[in-house]
Amino acid sequence: MLYHSEKFLRNEVKNLKKVRTRFAPSPTGYMHIGNLRTALYAYLFAKSQGGDFILRIEDTDRARYVADAVEFIENTLKLAKIYPDEGPNIGGNFAPYVQSERKEIYKKYAEQLVKNDFAYYEESENGVAIRQKMPKSGETSFYDVLHGNITIANEELEDQILLKSDGMPTYNFANVIDDHLMEVTHIIRGTEFITSTPKHVLLYQYFDWELPTFIHLAPVMGKAEDGTVSKLSKRHGATSFGDLVDMGYLPEAITNYVALLGWNPKNTNQEIFSMDELIKIFSLEGLSKSPAVFDYDKLNWMSGEYFKKMSDEEFSKAAKNFVKLDENLNEKFVYLASLLKTRIVRFDEIQESIQFLLNMPEFDSELFINKRNKVTIEKSIEILTPAFEMLNEIDEKDWTVENLNEKISAFTASTQLKVGTVMWPLRISISMKKVTPGGVTEILYLLGKKNSLERMKQSLDNLKSI
RNA sequence: GGCGCCAUCGUCAAGUGGUUAAGACACCGCCCUUUCACGGCGGGUUCGUGGGUUCAAAUCCCGCUGGCGUCACCA
């Protein structure tokens with residue numbers, strides 16, 4: 001099959017050189033998930049081939065410049081465990097890596113093009129700009145690893161601005177110059193660049209430079225409430241890596257999920273991957289050419305998987321930034337973490353789920369009534385009264401989960417009632433929540449003896465006064 | 001609108017002419033159970049459409065439809 005042999009051949013040739021990929025964002029102070037994914041794939045490909053990954057800042061649009069955006073991008077990549085080999089604050093043999101600092105380079109090459117009659121000056125009220133001359137006829141083709149050969153008629157191409165009147169290059173010019181100068185072998189970017197690629201190809205031809213390999217990635221889509229699908233944007237809620245981290249997703253989980261959005265490993269059904277594993281297993285063949293819809297359900301599942309794999313210590317440490325605790329809970333947080341781990345999917349869910357431990361919710365007699373466990377108000381009073389006495393006799397220092405478990409089991413047995421029947425009113429009386437992280441003994445322990453018994457007594461009094 | 005790209009469950013996706021069309025998420029049911037989770041077991045739903053090619057098409061070709069992108073002194 002042509003497609004495969006061609007791809008194979010192409011890879012053969014390219015493999016002779018060290019693979020170099022780049023991520024070239026503009027400094028917007030915002031890392032869109034789609035961009036992060038592009039960076040990830042470029043990084044994974046380079047690393048899987050033992051190559052280099054370069055960070056280059058495309059800040060040729062002065063109007064768009066955002067302060068500290070470069071640091072923001074570098075920090076985000078670091079959080080995502082994507083480490084460039086070369087970049088603005090990292091350095092490298094091809095510095096500078098910020099395009100605004102390379103102004104003179106572009107000027108030189110633009111003028112060379114004018115000299116060779118591949119471009120011309122154009123004067124307007126803004127000043128003097130340089131435009132690229134496009135062929136009037138014929139067509140320009142290029143090979144894309146994902147899409148095969150793509151051909152566009154030259155008459156579709158307009159004479160492009162290469163150098164703006166402010167002396168800055170346009171994207172279409174600067175990326176070609178830099179990719180060549182920085183010896184980028186594989187250009188991995190979004191499909192939105194497919195139609196402008198012929199312009200770049202022509203530039204390579206004008207300079208008589210070797211063409212890099214192109215890989216145009218399908219976009220990441222978002223699903224709106226009405227069910228329609230479009231390119232992931234703000235109307236779909238959180239769309240940046242930072243948003244997701246702020247919501248309490250683990251960076252590792254986000255990266256892992258995003259890796260699988262548009263790429264799949266060959267010959268395995270594994271879905272949870274560390275960065276090292278991704279590097280090991282990544283291949284261009286697993287890339288998908290059709291768009292992928294960002295799915296929170298799947299992200300949630302994956303996030304939960306990561307939580308369950310964490311030790312209680314790791315989890316509590318990471319979760320602490322998301323919660324406000326009192327002294328008592330702060331002390332017991334590692335234990336609390338063991339209860340929380342399997343129940344939440346984002347750190348920002350914790351506060352609400354443990355709020356009842358901090359403050360006793362308002363009394364609600366309805367909660368005591370439970371059909372399945374055959375619990376009524378009367379039954380609750382009947383159980384709670386002796387239970388309170390029993391618990392009250394436990395020494396403060398024996399107030400441990402293990403011991404409480406033992407005592408409550410013995411108590412339950414003595415009542416001749418079903419376990420659920422006893423546990424239900426007990427748990428409600430100290431939590432006032434139908435659903436809690438952990439059962440009665442866990443909550444008793446977390447609350448401590450004094451607080452637990454105060455709550456239980458209060459509930460009992462309230463029940464009696466109905 | 002011109003041009004270009006794309007098209008397998010609701011979603012992510014395996015699949016490269018012959019399969020009972022994998023797997024995962026979500027959903028539903030059952031089991032376990034000290035609530036909720038976790039865990040275990042099971043279930044339904046998929047090749048956009050019309051033509052070809054072929055003994056045989058989700059797979060190859062063409063048209064249609066639909067979605068997306070692009071036509072800047074933005075990237």
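Order of the sequence lines sets the chain letters (A, B, ...), proteins ahead of strands, with each chain counted from 1.
Distance noted for atom C1' between B/U53 and B/U59: 13 Å (whole Å). Rounded to whole Å, the P atom of B/G29 lies 14 Å from the corresponding atom of B/C36.
Which of B/A13, B/C73, B/C74 sits closest to the side chain of A/Arg64 comes down to B/C74. Of the candidates B/G69, B/A7, B/U35, B/U35 carries the atom nearest the A/Thr436 side chain, counting heavy atoms from C-beta on. When distances run from any side-chain atom of A/His147 to the nucleotides B/A37, B/C5, B/G39, the shortest one goes to B/C5. With B/C3, B/C73, B/C68 as the candidates, the nucleotide lying closest to the side chain of A/Glu156 is B/C3. Proximity note for A/Glu271 (side chain, C-beta onward) versus B/G4, B/G23, B/G69: the nearest is B/G23. The side chain of A/Asn264 lies closest to B/A13, out of B/A75, B/A13, B/C68. Set against B/A26, B/A7, B/U11, the side chain of A/Lys223 has B/U11 as its closest nucleotide. Checking B/C73, B/A13, B/G39 against the side-chain heavy atoms of A/Ala292 singles out B/A13 as nearest. Here B/A26 is the nucleotide among B/A75, B/A26, B/U35 with the atom lying nearest to any side-chain atom of A/Asp297. Of the candidate nucleotides B/C74, B/C73, B/U34, B/C73 has the atom nearest to the side chain of A/Ser165.
Atom CD in A/Glu314 sits 9.5 Å away from atom CG in A/Leu250 (nearest 0.5 Å).
At a cut-off of 3.5 angstrom, counting only N and O atoms as typed in the model, there is no donor on one side facing an acceptor on the other between the side-chain of A/Arg427 and the base of B/U34. In this model, no side-chain donor or acceptor of A/Thr191 finds a partner on the base of B/C68 within 3.5 Å. The base of B/A26 is not paired with the side chain of A/Lys298 by any donor and acceptor separated by under 3.5 Å.
Under the Watson-Crick or G-U wobble criterion, with both distances below 3.5 Å, B/A57 is left unpaired in every strand shown. Remark: B/C3 base-pairs with B/G69. Criterion, Watson-Crick or G-U wobble with two distances under 3.5 Å. Remark: B/C25 base-pairs with B/G10. Criterion, Watson-Crick or G-U wobble with two distances under 3.5 Å.
Protein atom CG of A/Asp312 is 14 Å distant from nucleotide atom C1' of B/C38, rounded to whole Å.
Judged by the 6.0 Å and 45° rule, A/Lys223 forms no cation-pi pair with A/Phe294.
A/Thr441 comes within 4.0 angstrom of a nucleotide base, judged by non-hydrogen atoms across all strands. Within 4.0 Å (heavy atoms only), A/Gly438 reaches at least one base atom of the nucleic acid. A/Lys341 comes within contact range of no nucleotide atom at all, as no heavy-atom separation falls under 4.0 Å.
Heavy-atom contacts from other residues, nucleotides or ligands closer than 6.0 Å to CD of A/Glu402 number 12 or fewer.
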